[in-house]
Number of protein chains: 2
Amino acid sequence: MRSLVRAVSRQGLRLTPQRICLLEVLAGGGDLTAEEIVARLRKTQPHISLATVYRNLNTFVALGIISKYYSPDGVAHYRASARHEHLFICLGCGDAQHLAACPLQAGLLDEELSGRGLQVVDHRFEIRGYCRRCQKEGAK
Amino acid sequence: MRSLVRAVSRQGLRLTPQRICLLEVLAGGGDLTAEEIVARLRKTQPHISLATVYRNLNTFVALGIISKYYSPDGVAHYRASARHEHLFICLGCGDAQHLAACPLQAGLLDEELSGRGLQVVDHRFEIRGYCRRCQKEGAK
DNA sequence: TTTCATGCAAACCGTTTGCATGGTG
DNA sequence: CACCATGCAAACGGTTTGCATGAAA
């Protein structure tokens with residue numbers, strides 16, 4: 001949280017109440033849609049505008065303070081920047097769990113990436129399938 | 001291409017001229033947006049509707065005949081189904097290129113996945129950064 | 001006191017849907 | 001000839017933008 005605030009002020013952006021609350025929500029963790037973020041913000045900022053949220057989210061993304069991705073239904077999700085994520089997404093229940101193993105750190109792709117002159121900033125690995133529970137339910 | 005047509009008819013879907021042309025475009029390869037697909041289709045199907053294209057794309061995705069992903073600007077891209085994809089997406093120009101190396105095939109995550117009882121269906125790896133050209137432009 | 005940020009509402013744009021028509025199996 | 005698929009146009013919903021107001025530095 002503190003580092004997020006510092007990142008924002010270091011970029012010459014003003015520290016408005018809205019921005020501080022937004023950073024608090026983001027610091028809380030999770031992949032949130034703009035709607036979900038606004039819902040949480042309204043608790044402390046009842047009149048905050050959706051436009052303000054979108055504008056700030058875009059600003060933060062451009063500065064690399066947070067990251068953004070689109071879920072399979074095409075809705076943007078935001079989260080405090082994690083430079084890499086490895087998710088297992090269950091096709092049965094939709095739950096996502098984070099995986100520890102990082103294929104990139106293992107150096108597996110290094111050769112191919114460097115061979116093509118590609119500079120990595122972040123990555124996101126999604127593995128889809130069925131979790132233990134949903135496998136059992138499917139077998140019934 | 002032939003296998004795509006077979007997959008469609010096997011599912012009990014009618015083989016309309018629009019669908020056949022759509023499959024031809026998809027068989028041509030690449031990650032295409034609906035707009036790009038329509039532009040190509042108009043050469044042979046001048047009156048084809050955007051709605052028809054979207055409807056068929058969604059149908060094909062649901063049947064697993066093609067796959068869909070959202071680029072960083074939130075626009076859907078479609079391609080003939082690959083059960084796994086490894087993409088490098090340039091943060092500068094937005095272009096995506098496919099990587100050959102597959103971290104999953106290398107067995108890196110096997111231990112973690114099997115340890116948790118997770119059954120893999122497909123996966124998608126996105127690596128973001130800057131391509132050679134955008135690195136040069138950024139240095140200017 | 002000068003910007004920059006906010007709120008509101010309207011515009012945008014990719015995508016979906018209702019409905020009547022047309023073509024496939 | 002029964003249905004599914006198509007085309008058109010309108011609706012939808014997430015996101016962006018113009019403009020006047022308000023607050024941070």
Side-chain angles (χ1 to χ4, degrees), chain A residues 4-26 31-42 44-63 65-78, chain B residues 4-26 31-42 44-63 65-79 94:
Chain A
L4 292 179
V5 171
R6 221 181 307 124
V8 166
S9 60
R10 195 184 321 123
Q11 299 284 348
L13 299 178
R14 292 183 180 167
L15 280 174
T16 64
Q18 292 91 334
R19 278 187 179 151
I20 293 171
C21 292
L22 176 54
L23 292 175
E24 268 167 10
V25 168
L26 291 166
D31 283 299
L32 303 172
T33 65
E35 286 293 349
E36 291 167 345
I37 290 170
V38 166
R40 299 193 184 190
L41 285 173
R42 295 252 203 252
T44 51
Q45 301 280 322
H47 298 302
I48 194 169
S49 154
L50 196 49
T52 297
V53 171
Y54 274 114
R55 268 191 286 239
N56 282 319
L57 287 171
N58 284 339
T59 304
F60 295 166
V61 168
L63 295 176
I65 294 172
I66 65 172
S67 61
K68 172 183 183 179
Y69 88 99
Y70 287 86
S71 57
D73 58 354
V75 179
H77 289 242
Y78 303 86
Chain B
L4 291 180
V5 172
R6 223 180 306 123
V8 165
S9 60
R10 194 186 321 123
Q11 299 285 346
L13 299 178
R14 293 183 180 168
L15 280 173
T16 64
Q18 291 90 336
R19 279 189 178 149
I20 293 171
C21 291
L22 175 54
L23 291 175
E24 269 167 9
V25 167
L26 290 165
D31 283 299
L32 303 172
T33 65
E35 286 292 349
E36 292 166 346
I37 290 170
V38 166
R40 298 193 186 189
L41 285 172
R42 295 253 203 251
T44 51
Q45 301 279 323
H47 298 303
I48 195 169
S49 155
L50 197 48
T52 297
V53 171
Y54 274 113
R55 269 192 285 240
N56 281 319
L57 287 172
N58 284 339
T59 303
F60 295 166
V61 168
L63 295 176
I65 295 172
I66 64 172
S67 61
K68 171 183 183 179
Y69 88 98
Y70 286 86
S71 58
D73 58 355
V75 180
H77 290 242
Y78 303 85
R79 63 177 288 121

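Here is the naming used below: chain letters follow the sequence lines, and residue numbers restart at 1 for every chain.
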Any side-chain heavy atom of [X] sitting closer than 4.5 Å to one from [Y]?
{"X": "Leu22(A)", "Y": "Thr52(A)", "result": "no"}
{"X": "Leu4(B)", "Y": "Phe60(B)", "result": "no"}
{"X": "Leu13(A)", "Y": "Asn56(A)", "result": "no"}

The side chain of [X] is closest to which nucleotide in this list: [options]?
{"X": "Asn56(B)", "options": "dA9(D), dC4(D), dT6(D)", "result": "dT6(D)"}
{"X": "Ile48(A)", "options": "dA9(D), dG7(C), dG14(D)", "result": "dG7(C)"}
{"X": "Glu35(B)", "options": "dT17(D), dG14(C), dT17(C)", "result": "dG14(C)"}
{"X": "Val75(A)", "options": "dG7(D), dA5(D), dG14(D)", "result": "dG14(D)"}
{"X": "Ser49(A)", "options": "dA5(D), dC8(C), dT6(D)", "result": "dC8(C)"}

Whole angstroms only, please: what is the [atom1]-[atom2] distance between [X] and [N]?
{"X": "Leu63(A)", "N": "dA5(C)", "atom1": "CG", "atom2": "P", "value": "11 Å"}
{"X": "Asp73(A)", "N": "dG13(D)", "atom1": "CG", "atom2": "C1'", "value": "12 Å"}
{"X": "Arg14(B)", "N": "dC1(D)", "atom1": "CZ", "atom2": "C1'", "value": "11 Å"}
{"X": "Ile37(B)", "N": "dT15(C)", "atom1": "CD1", "atom2": "C1'", "value": "13 Å"}
{"X": "Gln11(A)", "N": "dC4(C)", "atom1": "CD", "atom2": "P", "value": "15 Å"}
{"X": "Ile20(A)", "N": "dA23(D)", "atom1": "CD1", "atom2": "C1'", "value": "13 Å"}
{"X": "Leu50(B)", "N": "dA5(D)", "atom1": "CG", "atom2": "C1'", "value": "16 Å"}
{"X": "Tyr54(B)", "N": "dT6(D)", "atom1": "OH", "atom2": "C1'", "value": "17 Å"}

Inset, instruction - On DNA chain C, check which nucleotide each of Leu15(B) and Gln18(A) is closest to and give me the residue with the more 5' one. - result: Gln18(A)
Inset, instruction - Between Leu13(B) and Pro17(A), just flag the one whose closest nucleotide in DNA chain C comes earlier from the 5' side. - result: Pro17(A)
Inset, instruction - Would you mind classifying the nucleic acid contact of Arg19(A) as base, sugar-phosphate or nothing, using non-hydrogen atoms under 4.0 angstrom? - result: sugar-phosphate
Inset, instruction - Mark yes or no for whether Arg19(B), through its side chain, and Arg14(B), through its backbone, hold a donor-acceptor pair below 3.5 Å. - result: yes
Inset, instruction - Could you label the plane-to-plane angle of the Tyr70(B) and Tyr70(A) rings as parallel, tilted or perpendicular, counting under 30° as parallel and over 60° as perpendicular? - result: parallel
Inset, instruction - Give a yes or no on whether a donor-acceptor pair under 3.5 Å exists between the nucleobase atoms of dT16(C), that is its base, and the side chain of Arg55(B). - result: no
Legend entry - Under-4.0 Å side-chain N/O to phosphate OP1/OP2 contact, Asn58(A) with dT16(D): yes
Inset, instruction - Would you tell me if any nitrogen or oxygen in the side chain of Thr16(B) comes within less than 4.0 Å of OP1 or OP2 on dT6(D)? - result: yes
